[in-house]
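Down below is the structure, laid out as structure tokens.
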Amino acid sequence: MSSEQGTLNVYHSTLASIVGEENLIYDQAVSPGILPGCIVYPQTQSQLAQVISQAYRNKWRVLPCGNGSKLKWGGLTENIDLVVSTKGLNKIINHAVGDLTLTVEAGVKFADIKALLAKHNQILALNPTSPQLATFGGIIATADTGSLRQRYGSVRDQLLGVTFVRADGQIAKAGGRVVKNVAGYDLMKLFTGSYGTLSIITEATFRLYPMQSASGTVVLTGSREAVSQAADTLRGSALTPIQADLLSSQLVSTLGLGKGLGLIACFESIPESVKEQLNQVLQIGEKLGLTTAVYSDAEEQSLWLLLPEQIHLPDSETAITCKIGVLPNTAVEVLNQVDLGLIHMASGLGILRLENKSQVLEVRKLCEQNSGFLTILSAPLEVKQKLDVWGYNGNALELMQEIKKQFDSENILSPGRFVAGI
């Protein structure tokens, strides 16, 4: 018997008794460069804890995921033994309508809760990438907020509590299920955006918001200088868009929105407020000589879905998708150097689609010159092998390494996926 066959037998005998043979898959690639010995689908939190406990004892390297829609993001993992999917943990645990909170298992898909919340005129203020596939565990692990960050903040700002499985297989909790909760350490801040390197989220409680009665979106397009000035004016005004992004000229053209750079802003409130705020933005655009347009209803919803899709669903095998952050008042300068990209007006965070290694290095340099960063999310395998995916040059690396040791001393969770190979 070969050593490889022996390893598979160990996986089978150990894990089949926990999750059942029907929840194990062998020798199946889950992403370019990732061919684990086994993919495991626990159906309960207890099963997941037992699987991770076995991995800890045997020093198996584990790559956690949900539906796998973001496995291409982040650094290259090394010698993965098991991929552990939370796809089977897909129960809605509690929807406290009166308290505006929702508790779900990590494998619940974002799209699955929208209809439930809509029945009660409530929303969860996130718009993640690939909402039909994105699970809540993956959204937290990758800090995938979207344009609603303009009004509602980051993923961490939506979280009230989490339950998670530690690297040694023990189940633990942080936060709670109520809005006014300040007990304990803010582990949720550590877990959000940690790419599964510290623990595996099994449950999460989010705050909800009332659904507004009216919505409208305005788009301004034109010259770089005019769009930049419009953004500065909007940022300094009393207007309250829930989403507001700056768009590259090719993205504007691809979506048929006009010519030049773009500024798109969405307002939600009572009808009178929405109408008044839209009119004020239109006046700003007209004074600056920008082309203006207003969108509503299905056309508006479709537009906001299409914006990130144009960047995250590349039509080229060589395309590179990046997350960036710059000072908000320098966003237009960055967008002027790329083909496809959008940057959130208030935070300066955004996504770009680049075509080659040289362009990545050029734009990264530009971002760093503007007090920012560029991180590669998805790219061809050979690009990630040659470039530093994270490009981190801050002074917190030693602290991050110590935190990793505290949470995962055996380095079994998502090895190599985070900054500096953490």
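Residue numbers run from 1 in the order of the sequence given. Atom set for the values below is all heavy atoms of this structure, side chains included, hydrogens, waters and symmetry mates excluded.
Gln310 and Thr254 share no side-chain donor-acceptor pair at under 3.5 Å. A donor-acceptor contact closer than 3.5 angstrom links the side chains of Glu300 and Ser215. No hydrogens or angles considered: a donor-acceptor pair under 3.5 Å links the side chains of Asn127 and Gln243. Using modelled atom types, one finds no donor on one side chain facing an acceptor on the other under 3.5 Å when comparing Ser358 with Glu362. Residues Thr217 and Trp304 bring a donor and an acceptor atom of their side chains to less than 3.5 Å of each other.
Residue Gln406 qualifies as open at atom CD: its count of foreign heavy atoms under 6.0 Å is 12 or below.
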ask   = Could you go step by step and tell me if Thr14 and Gln54 meet the side chain to side chain donor-acceptor pair (under 3.5 Å) rule?
value = CA-CA 8 Å; Thr14 305; Gln54 289 295 330; 4.8 Å; no
message = Under the criterion side-chain contact (heavy atoms from CB on, under 4.5 Å), I'd like the reasoning laid out for Asp186 against Arg156: C-alpha separation, chi angles, the key distance, then a yes or no.
response = CA-CA 10 Å; Asp186 190 358; Arg156 169 61 192 94; 3.0 Å; yes
task = Would you check, one step at a time, whether the test side-chain contact (heavy atoms from CB on, under 4.5 Å) holds for Tyr195 with Thr142?
result = CA-CA 5 Å; Tyr195 280 72; Thr142 57; 3.9 Å; yes
request  = List the steps, then state whether salt bridge (Lys or Arg N to Asp or Glu O under 4.0 Å) holds for Glu382 with Lys384.
outcome  = CA-CA 6 Å; Glu382 59 270 19; Lys384 288 196 172 185; over 6 Å; no
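The pair Glu368-Lys365 does not meet the salt-bridge criterion, since no charged nitrogen lies less than 4.0 angstrom from a carboxylate oxygen.
By the 30° and 60° cut-offs, the orientation of the rings of Phe164 relative to Phe191 is perpendicular. Aromatic ring orientation, Tyr152 versus Tyr209: tilted (interplanar angle from 30° to 60°).
The backbone N or O of Leu413 lies less than 3.5 Å from a partner atom in the side chain of Asp408, making a donor-acceptor pair. Between the side chain of Asn23 and the main chain of Pro42, no donor-acceptor pair closer than 3.5 Å is present.
Distance CE/Met211 to NE2/His120: 11.0 Å, rounded to 0.5 Å. Here the CG-CG distance, from Leu48 to Leu89, works out to 6.0 Å after rounding to the nearest 0.5 Å. We find the CG-CG distance between Asp157 and Leu126 to be 10.0 Å, quoted to the nearest 0.5 Å. Interatomic distance, NZ of Lys91 versus CD of Glu203, reported as 10.0 Å (0.5 Å rounding). Between the CZ atom of Arg417 and the CG atom of Leu71 there is a distance of 5.5 Å, given to the nearest 0.5 Å. Expressed to the nearest 0.5 Å, how far CD1 of Ile311 lies from CG of Leu354 amounts to 10.0 Å.
With a 4.5 Å cut-off on side-chain heavy atoms, Leu352 and Leu335 count as touching. In this structure, the side chains of Glu268 and Arg151 stay at 4.5 Å or more apart for every pair of heavy atoms. With contacts defined as side-chain heavy-atom distances shorter than 4.5 Å, the pair Phe110/Pro128 qualifies.
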